[in-house]
Q: 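I have a structure here, written as structure tokens, and I will follow up with some questions on it.
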Amino acid sequence: QESRGLGDVYKRQQQDCYMKSLEIIPDDSDIWTALGTTLSGDEAVEIDGTSYTQQGCFIKAAEICPDDSNVWKAIGGTLSENESVVVNDTSYTQGACFIKAEICSDDDLDV
């Protein structure tokens, strides 16, 4: 039997809270991003029959709010140099994610 530390219990409670929140507000990019930060490696959670890894949560957040620079930084952080992801029918490499984050960040300054 594997021993679970207090940190693991707390992390699982966070995940449960975010998943319950997404049942009520499924299009909240901040909740998707927060859920993604609680996942690591190949760890995944299931929401409405779909499995989401950390990267999958961040992609979902970017699909909902494509102008959030923090989401693009998070996606870029999950990719290796030669990997890419598809967000809203557009493919992004790690470098493209970080460039998108900078563009979004610059847009935030134009308020």
Side-chain angles (χ1 to χ4, degrees):
Q1 180 177 354
E2 188 175 316
S3 174
R4 290 178 58 121
L6 189 56
D8 290 337
V9 171
Y10 178 70
K11 183 175 89 166
R12 186 67 204 157
Q13 288 174 337
Q14 282 183 306
Q15 290 169 349
D16 289 344
C17 180
Y18 294 137
M19 290 188 309
K20 282 181 178 38
S21 297
L22 288 169
E23 289 175 13
I24 300 165
I25 315 167
D27 290 334
D28 188 312
S29 66
D30 291 334
I31 299 172
W32 280 104
T33 301
L35 178 58
T37 64
T38 70
L39 300 171
S40 57
D42 293 335
E43 188 178 10
V45 293
E46 188 172 308
I47 298 172
D48 289 333
T50 302
S51 182
Y52 292 92
T53 61
Q54 180 183 61
Q55 185 183 81
C57 289
F58 295 151
I59 290 170
K60 184 75 172 174
E63 289 172 347
I64 295 166
C65 188
D67 295 328
D68 185 336
S69 63
N70 291 321
V71 170
W72 288 104
K73 289 177 199 172
I75 294 171
T78 68
L79 296 172
S80 67
E81 197 172 314
N82 298 320
E83 286 182 299
S84 64
V85 294
V86 175
V87 179
N88 292 331
D89 299 322
T90 302
S91 181
Y92 294 90
T93 62
Q94 181 187 54
C97 287
F98 291 134
I99 290 169
K100 178 85 171 165
E102 286 300 314
I103 292 168
C104 293
S105 180
D106 288 346
D107 288 347
D108 291 343
L109 299 176
D110 293 339
V111 175

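Please read these numbers as outputs of a predicted model, since none were measured by experiment.
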Q: To check you understand the geometry: which heavy-atom pair defines the closest contact between P66 and C104, and what is its length?
A: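 The pair with the smallest heavy-atom distance is O-SG, 3.7 Å.
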Q: Report whether Y18 and W32 are members of the same hydrophobic cluster (ILVMFWY, side-chain heavy atoms less than 4.5 Å apart, transitive linking).
A: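 Per the 4.5 Å side-chain linkage, Y18 and W32 are co-clustered.
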Q: Would you please test E102 and S105 for side-chain hydrogen bond (donor to acceptor under 3.5 Å, both in side chains) and show each step?
A: CA-CA 5 Å; E102 286 300 314; S105 180; 5.2 Å; no
Q: For the residue pair S80 and Q94, what are the closest heavy atoms and their distance?
A: O-CB, 3.7 Å
Q: Closest heavy-atom contact between V45 and L35?
A: CG2-CD2, 3.9 Å
Q: Within the structure provided, determine whether S91 and V85 are in side-chain contact (heavy-atom separation under 4.5 Å).
A: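 S91 vs V85: side chains apart.
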Q: Is a donor on one side and an acceptor on the other found under 3.5 Å between the side chain of E46 and the backbone of S51?
A: no
Q: For the NZ atom of K100 and the OG1 atom of T90, what is their distance to the nearest 0.5 Å?
A: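 Interatomic distance, K100 NZ to T90 OG1, rounded to 0.5 Å: 8.0 Å.
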Q: What is the distance from atom SG of C65 to atom CG of D27, rounded to the nearest 0.5 Å?
A: 11.0 Å
Q: Is there a side chain to side chain contact (heavy atoms under 4.5 Å, CB included) between I47 and K60? Walk through the geometry before answering.
A: CA-CA 12 Å; I47 298 172; K60 184 75 172 174; over 6 Å; no
Q: Test side-chain hydrogen bond (donor to acceptor under 3.5 Å, both in side chains) on Q55 and E83 and set out the steps.
A: CA-CA 12 Å; Q55 185 183 81; E83 286 182 299; 5.2 Å; no
Q: Kindly compute the distance separating CG (L39) from OG1 (T53), expressed to the nearest 0.5 Å.
A: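 Atom-to-atom, L39:CG and T53:OG1 are 7.5 Å apart.
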Q: Can you confirm whether Q15 sits close enough to K20 that some side-chain heavy atom of one is under 4.5 Å from a side-chain heavy atom of the other?
A: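 The answer is no, as the side chains (C-beta and beyond) never meet within the 4.5 Å cut-off.
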Q: Supply the atom-to-atom distance C97 SG to I59 CD1, rounded to the nearest 0.5 angstrom.
A: 8.0 Å
Q: Work out which heavy atom in S40 is nearest to a heavy atom in K11; give both atom names and the distance.
A: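 So the two residues come closest at OG-NZ, 4.0 Å.
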Q: Run the salt bridge (Lys or Arg N to Asp or Glu O under 4.0 Å) check on D8 and R12 step by step: do they pass?
A: CA-CA 6 Å; D8 290 337; R12 186 67 204 157; over 6 Å; no
Q: Can the ring centroids of F58 and W72 be said to lie less than 6.0 angstrom from one another?
A: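 No - the distance between ring centres of F58 and W72 does not fall below the 6.0 Å cut-off.
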Q: Is F98 linked to I75 within one hydrophobic cluster, defined over Ile, Leu, Val, Met, Phe, Trp and Tyr using a side-chain heavy-atom separation of less than 4.5 Å?
A: no
Q: Quick check on the hydrophobic clustering: are L22 and I64 connected, directly or via other members, by side-chain heavy-atom contacts under 4.5 Å?
A: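 Linked within one cluster.
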Q: Could you give the distance from OG1 (T33) to CG (D68), rounded to the nearest 0.5 Å?
A: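 The OG1 atom of T33 sits 6.0 Å away from the CG atom of D68.
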Q: Among M19, Q54, Q13, Q14, whose side chain to side chain contact (heavy atoms under 4.5 Å, CB included) with T38 holds?
A: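 Going through M19, Q54, Q13, Q14 one by one, the side chain to side chain contact (heavy atoms under 4.5 Å, CB included) with T38 is satisfied by Q14 alone.
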Q: Can you establish whether the number of heavy atoms outside N88 located under 6.0 Å from its atom CG is more than 12?
A: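 Atom CG in N88 is crowded, with more than 12 foreign heavy atoms closer than 6.0 Å.
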